[in-house]
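Let me begin by presenting the structure, written as structure tokens, before commenting on it.
Quick note: residue numbers are just sequence positions, from 1.
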Amino acid sequence: MIYQEMLTQVIEKTRVQPDTGLTDAQVQEAREKYGDNRFVEPPKEGLVKKVIRSLSDITTIILIIAAVISLVTTVIQGHGDYFESFLIIAIVVINSVLSIVQEGRAEKALDSLKGLEREEAKVRRNGEVIFVPMTDVVVGDILVLENGVKIPADARLLKTSDLRVEESALTGESQPIEKDEDFITGESVPLGDRLNMVYRGTTIVNGRAEAVVVATGMETEMGKIAGLLGAEEREMTPMQKRLAQLGRQLTVVAIVAALIVLVLGIMQGDPIMELFMTAVSLAVAVVPETLMVIVTITLALGVQRMAARHAIVRRLPAVETLGSASVIASDKTGTLTQNKMTARQVWDATKDEVVPVDQVDTVPDALRFGALSTNVTVQDGQLSGLPTEIALVAGIGGVDAYRDLQAEYPKVYEIPFNSTRKRMTTVHKVADGYLAVTKGAFDVLLPKLPADVQSRATEINQQFGDQALRVITVAMTKLATISEEPTAEELERNLQLLGLVGIIDPPRPESAQAVAEARAAGIKTVMITGDHVATASAIAREIGILLPTDKALTGAELHAMSDEQLDATVQDYAVYARVTPEDKIRIVKAWQKRGDVVAMTGDGVNDAPALNAANAGIAMGQTGTDVAREAADIVLTDDNFATIVHAVEEGRGIYGNIRKTINFLMSANMSEIIVIVMAMIFGWGSPFMAAQLLFINLVSDGLPGFALAKEPAHGDVMNEKPINPKASVFAHGLGIRIAFNAILFAVITLLAQGYGVWTGNVEAGHTMAFVVLSMTSILHVFNIRSEKSMFRIKFSANRSLVMMAILAAVLSLLVVTVPVTQEIFHFHALTTGQWIITAILSVIPNVAWEIIKIFNRNNH
């Protein structure tokens with residue numbers, strides 16, 4: 001690895017003279033060898049492929065076969081009635097278009113990464129410092145890096161001056177990394193610990209440096225992430241898997257039913273053409289044509305509700321996936337924490353007391369003079385500078401207090417912080433001389449402190465360290481005079497310890513409550529971060545993620561584990577610290593192998609591959625990078641971890657409504673099959689044409705089914721266990737309910753048809769059967785709203801359902817009674833007595849379910 005090699009070896013490999021840089025010939029040679037400094041974009045799926053994929057669904061294939069059979073039969077019979085064929089084809093086309101539209105915009109994560117390429121880089125070539133497009137940077141180029149610059153490629157540092165780099169987007173570490181060109185190690189260390197390297201896409205926040213480029217394009221750490229994004233294929237959501245399984249089951253039902261009808265028809269001597277048309281009717285009866293449309297509408301309405309609660313859904317199926325989530329794998333920095341260094345505790349050495357910064361009445365000198373000894377600037381009323389220094393200034397009250405302090409103690413001299421000294425000293429003018437304030441690392445300042453305070457200071461430092469606080473030591477000395485160019489030895493003698501300030505990136509106020517709510521819903525929250533294990537564990541413990549029974553795992557420990565070992569023990573860990581983007585994917589997949597549905601949250605570039613690999617990727621909208629947002633399924637506009645819990649609740653409600661929809665549609669569809677098969681067994685012939693069944697499926701079932709999407713979730717949905725992704729769509733008694741409904745509907749429909757047969761009016765019997773099945777299905781929508789009586793659930797809670805049911809009933813009656821539609825659909829006018837019988841039969845299922853619900857209520 002480059003960071004493990006001696007600098008002379010790196011320079012020799014890249015064949016560059018650091019003082020002059022590459023020549024034009026060397027630049028061209030490097031470009032030919034390594035390529036441009038850009039990311040490779042994987043090919044995107046074209047429209048034709050999307051259309052083919054949308055038509056490859058098994059239920060769609062059934063309808064296409066039915067349309068072909070109907071068309072061929074019509075042509076052979078020569079009666080010119082193509083209405084049925086064209087209607088089936090229209091349904092296929094509509095479903096295909098909706099399927100393509102549902103996918104939304106294509107994945108754009110790589111486009112966001114490419115956005116980094118439009119910037120310029122400062123390099124030394126041919127002995128001159130020039131600016132070139134980022135894409136033109138090649139291996140061997142000498143980068144000239146300054147404060148505020150975004151680094152264009154991975155590079156080994158040649159020389160630095162107080163260099164600190166913000167790497168949180170790549171590593172997840174919340175505070176800038178102090179770089180050291182002399183760092184060398186023979187061990188394998190994580191990205192955040194490679195102090196002699198800088199990486200593409202990270203930003204310099206202090207100092208300057210020169211570095212030699214060692215990797216460009218896809219070979220950079222950022223490029224490897226781009227490769228991971230392109231390599232990860234998104235899995236089907238649990239509901240998509242369930243619906244695909246349902247399609248396969250329906251295919252089996254269609255084949256078995258068709259074989260039964262074919263055998264019966266041949267035995268009864270029915271004409272072959274008539275048997276073909278009956279097969280078409282069976283195919284139409286099997287397929288719930290409106291199911292996918294209703295599922296899409298249900299998801300879309302959920303998207304609208306979630307948008308009102310600050311969650312923007314980029315991919316519709318993700319809404320339902322959240323309802324099945326059993327693990328939330330969260331990034332720490334900026335997700336569970338505020339991504340803002342904050343002074344939390346201060347030890348006032350003069351009083352020997354530790355106080356929370358937000359509870360101090362009078363600002364302790366340790367905090368006050370610590371804020372004074374900074375290089376924080378004020379721009380447009382905002383603090384600008386190093387995060388730790390901003391934390392000190394914010395701790396004393398912010399902009400106004402800082403300005404007052406600067407006016408009271410004007411700065412006249414400074415010895416800056418550097419990686420060797422690990423401290424800075426500022427000199428301030430006072431009435432009777434000067435104050436020299438020194439702040440820095442505890443271990444560096446400890447030997448300079450009076451002996452009588454060293455023991456107690458060490459004890460407090462350990463106490464702060466146990467809380468994962470970053471400790472800043474503040475000391476001061478008073479001087480009557482100073483030399484013109486004072487030295488550290490002059491200014492840092494006879495130091496008086498003012499105290500220690502503990503700084504941390506604190507948890508978001510709502511994080512602990514959200515984690516508790518997730519646990520109550522049966523969801524385990526784990527932390528996956530690039531930060532240090534001590535810091536990550538402290539935050540996780542504070543917000544309730546790391547329980548006494550849980551353990552923390554470091555990236556180094558993870559690297560030593562095989563996939564099999566990780567799969568076997570992943571559930572033991574609640575914190576995964578100092579991990580790489582590849583590690584995050586391993587962790588997500590290990591949870592998925594256990595059968596868990598994983599929702600991954602994050603905001604950095606380093607989170608993007610895991611967001612893409614998770615069942616539901618959730619990015620932060622305010623602090624998140626473009627790469628993370630585009631890789632995610634859901635973006636939180638308020639960056640509020642608690643919003644995820646609300647989204648889970650919405651997802652569970654949506655899943656409940658989809659189950660109600662399946663109950664509603666499949667009860668009618670299965671009853672249609674039973675009616676056709678039993679009527680053939682009885683020798684009555686099928687009572688339905690394919691067009692009549694399509695009307696029932698699209699109008700009588702479809703219109704009320706659409707309104708089911710607006711059904712509100714029941715109150716205790718978040719007290720239930722997560723939905724098992726492996727559970728069948730018919731789990732928890734749904735299959736039994738559908739079977740009971742289908743048999744009940746079929747019996748009363750056959751009674752209506754039988755009435756026509758027994759009274760010698762077969763056409764009227766067929767029409768009665770249509771009306772009974774149609775009205776029974778419409779009224780059934782009120783049965784499935786709740787386990788309670790249909791009269792105990794307010795109709796006003798879903799007015800759309802009532803309106804759609806009324807509209808479907810009116811249309812069903814009109815199609816039977818209006819002469820024009822009677823002719824098109826082959827209906828027969830009914831007498832008053834026949835209408836009365838039809839009405840009585842139609843309400844039987846509702847009466848039966850009310851009795852069942854009363855019985856269930858009395859037995860609980």
Looking at Arg164 and Leu386, what are the two nearest heavy atoms and their distance? NH1-CD1, 3.1 Å
Say you draw a straight line from OG of Ser188 to NE2 of His559; how long is it, rounded to the nearest 0.5 Å? 7.0 Å
Do Val198 and Leu145 pass the side chain to side chain contact (heavy atoms under 4.5 Å, CB included) test, and can you show the C-alpha distance, the side-chain angles, and the key distance before you say yes or no? CA-CA 10 Å; Val198 288; Leu145 305 171; 4.2 Å; yes
Does atom CD (Gln571) have a neighbourhood of more than 12 heavy atoms from anything else shown, all under 6.0 Å? yes
Less than 4.5 Å apart, side chain to side chain, heavy atoms only: is that true for Ile539 and Thr337? yes
Give me each pair satisfying salt bridge (Lys or Arg N to Asp or Glu O under 4.0 Å) with a member in residues 543-558, each pair once, sequence neighbours excluded. Lys524-Asp550
With sequence neighbours left out, write down each residue that passes side-chain hydrogen bond (donor to acceptor under 3.5 Å, both in side chains) with Lys340, or none if nothing qualifies. none
Residues two or more places apart in sequence or in another chain: which of them pass salt bridge (Lys or Arg N to Asp or Glu O under 4.0 Å) with Asp154? none
Close side-chain approach of Asn612 and Met600, heavy atoms under 4.5 Å: no
Go through the steps for Leu611 and Lys584 under the test side chain to side chain contact (heavy atoms under 4.5 Å, CB included), then give the verdict. CA-CA 9 Å; Leu611 291 174; Lys584 293 183 180 185; over 6 Å; no
For Asn461, give me all partners under side chain to side chain contact (heavy atoms under 4.5 Å, CB included), at least two apart in sequence or on another chain. Phe442, Val471, Leu500
Run the side-chain hydrogen bond (donor to acceptor under 3.5 Å, both in side chains) test against Glu517 and tell me which residues pass, sequence neighbours left out. Gln513
Do you know which two heavy atoms are closest between Val526 and Tyr573, and how far apart they sit? CG1-O, 3.8 Å
Pair Thr160-Glu181, side-chain donor/acceptor within less than 3.5 Å: yes
Please test Glu166 against Thr203 for side-chain hydrogen bond (donor to acceptor under 3.5 Å, both in side chains), starting from the C-alpha separation and ending with a verdict. CA-CA 5 Å; Glu166 169 61 61; Thr203 304; over 6 Å; no
Could you tell me which non-hydrogen atom of Met222 sits nearest to which non-hydrogen atom of Arg200, and how far apart they are? CE-O, 3.1 Å
Using the side-chain hydrogen bond (donor to acceptor under 3.5 Å, both in side chains) criterion, which residues pair with His732? Sequence neighbours excluded. none
Any luck finding a side-chain donor-acceptor pair between Gln592 and Asn615 under 3.5 Å? yes
Could I get the full list of salt bridge (Lys or Arg N to Asp or Glu O under 4.0 Å) partners for Arg456, not counting sequence neighbours? Asp352, Glu459
Dump the intermediate steps for side chain to side chain contact (heavy atoms under 4.5 Å, CB included) on Arg194 and Met1, then the final yes or no. CA-CA 11 Å; Arg194 299 172 189 175; Met1 300 292 287; 4.0 Å; yes
Apply side chain to side chain contact (heavy atoms under 4.5 Å, CB included) to Val357 and list each qualifying residue two or more places apart in sequence or on a separate chain. Ala343, Val346, Leu367
Is the shortest side-chain N to carboxylate O distance from Lys13 to Glu5 below 4.0 Å? yes
Mind checking what makes salt bridge (Lys or Arg N to Asp or Glu O under 4.0 Å) contact with Arg541, not counting sequence neighbours? none
Charged N to carboxylate O below 4.0 Å: is that the case for Asp567 and Lys589? no
Work out which heavy atom in Val648 is nearest to a heavy atom in Leu322; give both atom names and the distance. CG1-O, 3.7 Å
Is it the case that Arg344 places NZ or CZ above or below the six-membered ring of Phe464, under 6.0 angstrom from the centre and within 45 degrees of the axis? no
Closest non-hydrogen atom pair between Ala329 and Val598, with its separation: CB-CG1, 4.2 Å
Among Thr601, Thr529, Thr525, which one satisfies side-chain hydrogen bond (donor to acceptor under 3.5 Å, both in side chains) with Ser330? Thr601
Heavy-atom side-chain proximity of Thr321 to Val597 below 4.5 angstrom: yes
Test Asp583 against Thr580 for side-chain hydrogen bond (donor to acceptor under 3.5 Å, both in side chains), laying out the working first. CA-CA 5 Å; Asp583 293 335; Thr580 66; 3.0 Å; yes
pair Phe417-Lys422: side-chain heavy atoms closer than 4.5 Å: yes
Got a sec, which residues hit side chain to side chain contact (heavy atoms under 4.5 Å, CB included) with Gln463, two or more places apart in sequence or on another chain? Val354, Ile460, Gln467
Below 4.5 Å, heavy atoms only, C-beta onward: do Asn196 and Asp180 meet side chain to side chain? no
Less than 4.5 Å apart, any side-chain heavy atom of Ile503 and any of Leu469? no
Note: Glu221-Lys224 ion pair, threshold 4.0 Å (strictly below): yes
Can you tell me how far the CD1 atom of Ile2 sits from the CD atom of Gln9, to the nearest 0.5 Å? 9.0 Å
Of all residues at least two apart in sequence or in a different chain, which pass the side chain to side chain contact (heavy atoms under 4.5 Å, CB included) check with Ser562? Glu564, Gln565
Mind checking salt bridge (Lys or Arg N to Asp or Glu O under 4.0 Å) for Asp182 and listing every partner two or more places apart, or none if nothing turns up? none
Check: Pro507 and Leu336 side chains under 4.5 Å, non-hydrogen atoms: no
So do Tyr3 and Leu195 actually touch side chain to side chain, heavy atoms under 4.5 Å? no
Starting at CE of Met6, measure out to CD1 of Ile184 and round the result to the nearest 0.5 Å. 5.5 Å
